[in-house]
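Lettering of chains follows the sequences in order, A, B, ..., and the numbering in each one begins at 1.
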Protein chains: 2
Amino acid sequence: MKAVLDLQKQLLPDVLDIIKKRYQILHHVMAYRVVGRRTLAASLHMTERVLRAEVDFLKEQGLLEVESFGIKMTPAGKKLLDEMEPMMKEMTGLARYEEQLRQRFGIGQVIVVHGDSDESSYVKQELGRMAALALRKSVQKETVVAVSGGSTIYEVAQQLASSTALKGSIFVPARGGLGESVEYQANTVASVMAKKTGGQHRMLHVPDHLGEEAYQTLLQEPNIQEVVQVIRSARIVVHGIGEAKVMAKRRKASPELVQALLEEGALGEAFGYYFDRNGVVVNRMPTVGLKLEDLQNAEKVIAVAGGSSKGESIASVLRYGCESILVTDEGAAKKILQD
Amino acid sequence: MKAVLDLQKQLLPDVLDIIKKRYQILHHVMAYRVVGRRTLAASLHMTERVLRAEVDFLKEQGLLEVESFGIKMTPAGKKLLDEMEPMMKEMTGLARYEEQLRQRFGIGQVIVVHGDSDESSYVKQELGRMAALALRKSVQKETVVAVSGGSTIYEVAQQLASSTALKGSIFVPARGGLGESVEYQANTVASVMAKKTGGQHRMLHVPDHLGEEAYQTLLQEPNIQEVVQVIRSARIVVHGIGEAKVMAKRRKASPELVQALLEEGALGEAFGYYFDRNGVVVNRMPTVGLKLEDLQNAEKVIAVAGGSSKGESIASVLRYGCESILVTDEGAAKKILQD
DNA sequence: TACACCGGGACGTTTTGAGTCCATCGTAGA
DNA sequence: TCTACGATGGACTCAAAACGTCCCGGTGTA
């Protein structure tokens, strides 16, 4: 059943919304037994007119009966309602996760896709696809988009396609070298995005593991400074979320640093900042680029991360509370919400 | 899967059409590999504009790619197409039956519902529901509707609901007493329909098994004549189809008559007329009301009958060739088409 | 008997959908 | 290298559907 619904959602995305709406109408009528049009409209938060159109339709379908004293169910309607229940559970399952996440962390929009990135690579693709869609909808003409690195965001880049609005965008890495492998570096991701969309991109070349002195010298470079300025003016930020321990090790942090991170309770990581379970920043990678306070000025901050193993990490970053849009998967959503 | 689709069809009837259309677009693009908008529109019998809207949508969904040299598939689109195939077979199965029946017998509209009336009484309800819908759509203000008897048409009456157009209608039995049980008599059906819709009805009281003399006397009765005149002016005729042998026996025909019918090759029966396998009328019940030639003047003739056991009978009546709309079920459709 | 609430009809406004035409761009072929 | 063709994408117009809103006649109930 899930397969059918997923396929349909691709070819007719609002099928779910319409069916849900009509199901709710039937459900309410069932609860009231007999109810007037206006009462029903108020209780469903609809205007009278649209409810009326829906009721007329359901009457045509023989599911509702409309008499002079009100609206009530037909036997066929009752039967349909019974048969729909398992399907609706299935259909609204993800919607419920989305709503709960939205409420708990105060995020503007949450998108949850089926499955678990830990278990199937297809889910990560889907994650990328939905994030790419969200990005496309967020972007306006000539927007600066700052992106982090990581395999998930790389997948977002892969799923991007050109669109009129995106063509004028400028893609930049959110922060300088964070010790990722080349393929998943923020620089690479930004350039792939620019290529896929027909937009522009700027690179930020900051080698890893630089001595303090060389580092300060580099910062004085005019073209570095210029790029950093562009980055910090980003109106849209797209970033992944990593597990603090995994990220620290991958970046070849010293054992002392890893130890320190763990003692500080670091759980999640996003563009070089480490967060603890309360969403407090406990550490950060020594590099240049987007600063945490710049997020306040950004129009939209889009987090993309999935997989049940990342649940706690995602939650820690969400608690910091700067996200506008979260794209995640069922596995992570379950994990996040069960604590 | 079938269950999900059936439920959806009740809450969103044109979901099938839209999905089919979009699937076809993908399919064509796949076949062409790369194709221009106009070429594609012509090949799909669409106007350029609507195709364009669809292509834009499919592009947004990441299923098609639009470049300056034409339209082509994305990997995601190919994948979707593969996964859709079994679903489309399922979805278009009934549609194919409908089309084949339409072609073979030259009927204006054919509706085939899932299942087999012989096996499940639910299918007969569904048959009634679809026929009621077709009737509602056919009727205009103050239409005379002539109906036959039988359990199927009785079900149609049960499924009717009031609508503005139907309120002005006049329901009449197509022909006088045909020896059905009271519940399923045409008179009863007409009165139920009138009650359900808020319309009017006229009765035609002609007792069964009347002697020739009494019969002729009855015909002279002014009010009988008046009702007959109304009947013969019917603009819409709704009738069932029976198996000749079964009907003859149910009506307590003499063994000689049954024998004669069989020898004449009677297969199907509709409102008192018996048809052989070539659609030729071989016999008729001795009563008054609608005559066969009146069907020519009727605007719409709606036949409702299902069940694989009735397949041959239905085919024999269809061959006579007076139907505008046929409502049947999967079981009967298969049987009819396999000969 | 009076009142409150019901469905249905009507009307003006707004939004969406569809038909048509044209500008621009890229590619292929001469 | 230039030209011509066919591609997309944008713009404009008109029609139709959707919607918000108000009112009317009827009906059940207090």
With no hydrogens and no angle check, just 3.5 Å: does a side-chain donor-acceptor pair link B:Gln8 and A:Gln8? yes

Option from A:Leu16, A:Val15, A:Asp17 for which side-chain contact (heavy atoms from CB on, under 4.5 Å) with A:Ile19 holds: A:Val15

Is a donor from one side chain sitting under 3.5 angstrom from an acceptor on the other, for B:His27 and B:Glu85? no

Numerically ordered, the residues 39-55 of chain B set in heavy-atom contact under 4.0 Å with DNA chain C is B:Thr47, B:Arg49, B:Val50

For DNA chain D, find the residues of residues 20-38 of chain A with a heavy-atom distance under 4.0 Å and give them by number; none if there aren't any. A:Arg38

Can you tell whether the side chains of B:Arg22 and B:Glu54 come within less than 4.0 Å, N to carboxylate O? yes

For B:Ala157 and B:Met193, work out which heavy atoms get closest and say how close. CB-CG, 3.5 Å

A:Glu67 has an atom CD; how far is it from atom C1' of C:dC5, in whole Å? 16 Å

Tell me whether A:Lys79 forms a cation-pi arrangement with B:Tyr122, defined as NZ or CZ under 6.0 Å from the six-membered ring centre and within 45 degrees of its axis. yes

Candidate nucleotides D:dT8, C:dG8, D:dT27, ranked by approach to the side chain of A:Ser68 - the nearest: D:dT27

Nearest whole Å is fine: how far is C:dG29 P from B:Phe69 CZ? 15 Å

If I take atom CZ in residue A:Phe57 and atom P in nucleotide D:dA17, what distance separates them, rounded to the nearest angstrom? 17 Å

Salt-bridge test for B:Glu126 and B:Arg129: reply yes if a basic N is under 4.0 Å from a carboxylate O, no otherwise. yes

Interatomic distance, B:Met73 atom CE to B:Leu26 atom CG [nearest 0.5 angstrom]: 5.0 Å

Measure CG/B:Asp56 against P/D:dA11 and give the value in whole Å, please. 13 Å

Spacing of A:Ile71 atom CD1 relative to D:dG28 atom P, expressed in whole Å: 16 Å

